[in-house]
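Notes follow once the structure below has been shown.
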Amino acid sequence: MMTKVHPSAAACCATGEDVGRKGFGASVLTVWRKSLLFSCRGFTVFDAEGSLLFRVDTYGSGSTGEVVLMDAAGKPLLTLRRKKLSLGEKWLVYDGEDAVGPLCSVKKHVNLSHSGALAHVTPCRRGGGGAYGYEVEGSYARRSCAVYDQRRRRVAEIRKKEPVGGVAFGGDVFRLVVQSDLDTRLAMAIVIALDYMFR
């Protein structure tokens with residue numbers, strides 16, 4: 001099934017070597033809302049060549065307060081922790097498996113006024129891995145949303161994956177298009193936070 005899920009190189013803009021590299025162009029990833037491990041929930045993310053790039057394996061069927069984004073070999077890249085007792089749902093993003101000094105936070109938009117905003121990404125410390133300050137707009141449920149920077153440039157986008165051979169993938173397989181201005185690891189962390197906020 002994996003060979004049908006991942007994109008073909010001809011349909012994408014970057015190879016695995018380009019992922020996370022700034023100043024190159026857009027990286028088009030395929031995100032599968034499924035863990036490769038039995039009895040786990042999570043994500044499996046492929047690069048443009050169909051190689052495994054990121055993975056998330058969460059044991060248990062209940063809601064969790066911690067999610068680890070790993071590379072293909074299982075090395076922790078970023079850890080997301082749900083902040084307790086916060087007004088509105090909020091996830092803190094840490095480097096690797098660090099437990100202190102979060103890089104940034106992803107907070108669910110709670111304004112009752114009509115707005116297309118879903119979430120806000122804000123820095124927690126200076127020099128925390130990039131110039132954060134992003135807003136997510138659109139509909140995650142429809143797999144149609146975008147991440148904008150402070151200058152209203154679209155730096156990432158979640159799109160439905162096009163049917164292949166007449167077979168539709170549904171909402172569990174979708175594209176994540178990341179511009180060179182945004183680290184693909186952070187883009188995937190935003191996707192994970194959105195999934196928990198709006199699943």
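When a residue number appears, it is its place in the shown sequence, counting from 1.
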(message) Looking at every heavy atom in both C40 and D57, which two are closest together, and how far apart are they?
(response) SG-CB, 4.4 Å
(message) Contact between R55 and L36 at the side-chain level, heavy atoms closer than 4.5 Å - yes or no?
(response) no
(request) Verify the neighbour count for atom CZ of R159: are there more than 12 heavy atoms of other residues, nucleotides or ligands below 6.0 Å? (result) no
(request) Measure the OH-CZ distance between Y140 and F174 for me, rounded to the nearest 0.5 Å. (result) 4.0 Å
(message) Tell me whether F198 shares a hydrophobic cluster with Y134, the cluster being built from Ile, Leu, Val, Met, Phe, Trp, Tyr side chains joined at under 4.5 Å.
(response) yes
(request) Nearest 0.5 Å please: distance from the CE atom of M188 over to the CG atom of L80. (result) 9.5 Å
(request) For residues G138 and C145, report the shortest heavy-atom separation together with the two atoms involved. (result) CA-CB, 3.9 Å
(request) Would you check if the side chain of D149 reaches a backbone N or O of R153 as a donor-acceptor pair within less than 3.5 Å? (result) yes
(request) Using the salt bridge (charged side-chain N to carboxylate O under 4.0 Å, His left out) rule, collect all pairs that involve residues 91-105, keeping only residues at least two apart or in two chains. (result) none
(message) Are W91 and Y196 an aromatic pair, judged by ring center distance below 6.0 Å?
(response) yes
(message) Looking at R143 and E157, is any side-chain nitrogen of the basic one under 4.0 Å from a carboxylate oxygen of the acidic one?
(response) no
(message) Please identify which of these residues, R81, K83, R82, meets the salt bridge (Lys or Arg N to Asp or Glu O under 4.0 Å) condition with E66.
(response) R81
(request) For the pair E135 and R152, evaluate side chain to side chain contact (heavy atoms under 4.5 Å, CB included) and give the outcome as yes or no after the intermediate values. (result) CA-CA 9 Å; E135 185 169 287; R152 293 296 300 168; 4.1 Å; yes
(request) Answer yes or no: is there a side-chain heavy-atom contact under 4.5 Å between S27 and T184? (result) yes
(message) Please tell me whether V31 and M197 are part of a single hydrophobic cluster in this structure, the criterion being side-chain heavy atoms less than 4.5 Å apart.
(response) yes
(request) Please determine if E89 and K107 form a salt bridge, counting it only when a charged side-chain N lies under 4.0 Å from a carboxylate O. (result) no
(request) Establish whether L92 and V136 are linked, either directly or via other cluster members, by ILVMFWY side-chain heavy-atom contacts under 4.5 Å. (result) no
(request) For I158 and L194, run side chain to side chain contact (heavy atoms under 4.5 Å, CB included): C-alpha distance rounded to whole Å, both residues' side-chain angles, the deciding distance at 0.1 Å, then the answer. (result) CA-CA 11 Å; I158 295 171; L194 291 174; 4.1 Å; yes
(request) Starting at CZ of R33, measure out to OG1 of T44 and round the result to the nearest 0.5 Å. (result) 11.5 Å
(message) Any carboxylate oxygen within less than 4.0 angstrom of a Lys/Arg side-chain nitrogen, looking at K34 and D172?
(response) no
(message) Quick check for you: to the nearest 0.5 Å, what is the distance between T58 atom OG1 and R41 atom CZ?
(response) 8.0 Å
Can you give me every donor-acceptor pair (side chain of residues 70-79, partner residue at least two apart or in another chain, under 3.5 Å) with its distance?
{"from": "D71", "atom 1": "OD1", "to": "A73", "atom 2": "N", "distance (Å)": "3.0"}
{"from": "D71", "atom 1": "OD1", "to": "G74", "atom 2": "N", "distance (Å)": "3.0"}
{"from": "D71", "atom 1": "OD1", "to": "K75", "atom 2": "N", "distance (Å)": "2.8"}
{"from": "T79", "atom 1": "OG1", "to": "G96", "atom 2": "O", "distance (Å)": "2.5"}

(request) Take L29 and L53 through the test side chain to side chain contact (heavy atoms under 4.5 Å, CB included) and record every step on the way to the result. (result) CA-CA 9 Å; L29 312 180; L53 181 66; 3.8 Å; yes
(request) Evaluate the salt bridge (charged side-chain N to carboxylate O under 4.0 Å, His left out) criterion for residues E137 and R154: first the C-alpha distance (whole Å), next the side-chain angles of each, then the deciding distance (0.1 Å), finally the verdict. (result) CA-CA 10 Å; E137 298 180 2; R154 184 175 294 194; over 6 Å; no
(message) Do T30 and K161 make a side-chain contact, defined as non-hydrogen atoms from C-beta onward lying under 4.5 Å apart?
(response) yes
(request) Please name the pair of heavy atoms, one in V106 and one in A119, separated by the smallest distance, quoted to 0.1 Å. (result) CG1-CB, 4.2 Å
(request) Dump the intermediate steps for side chain to side chain contact (heavy atoms under 4.5 Å, CB included) on V56 and V68, then the final yes or no. (result) CA-CA 6 Å; V56 174; V68 180; over 6 Å; no
(request) Enter the distance from Y148:OH to L182:CG here, rounded to the nearest 0.5 Å. (result) 13.5 Å
(request) May I ask you to check whether S105 and T122 show a side-chain donor-acceptor distance below 3.5 Å? (result) yes
(message) Let me confirm one number: the OH-SG distance from Y94 to C104, rounded to the nearest 0.5 Å.
(response) 10.5 Å
(message) Do F46 and V173 sit in one hydrophobic cluster, given that two such residues count as connected whenever their side-chain heavy atoms are within less than 4.5 Å of each other, even indirectly?
(response) yes
(message) Quick check on the hydrophobic clustering: are V67 and V45 connected, directly or via other members, by side-chain heavy-atom contacts under 4.5 Å?
(response) yes
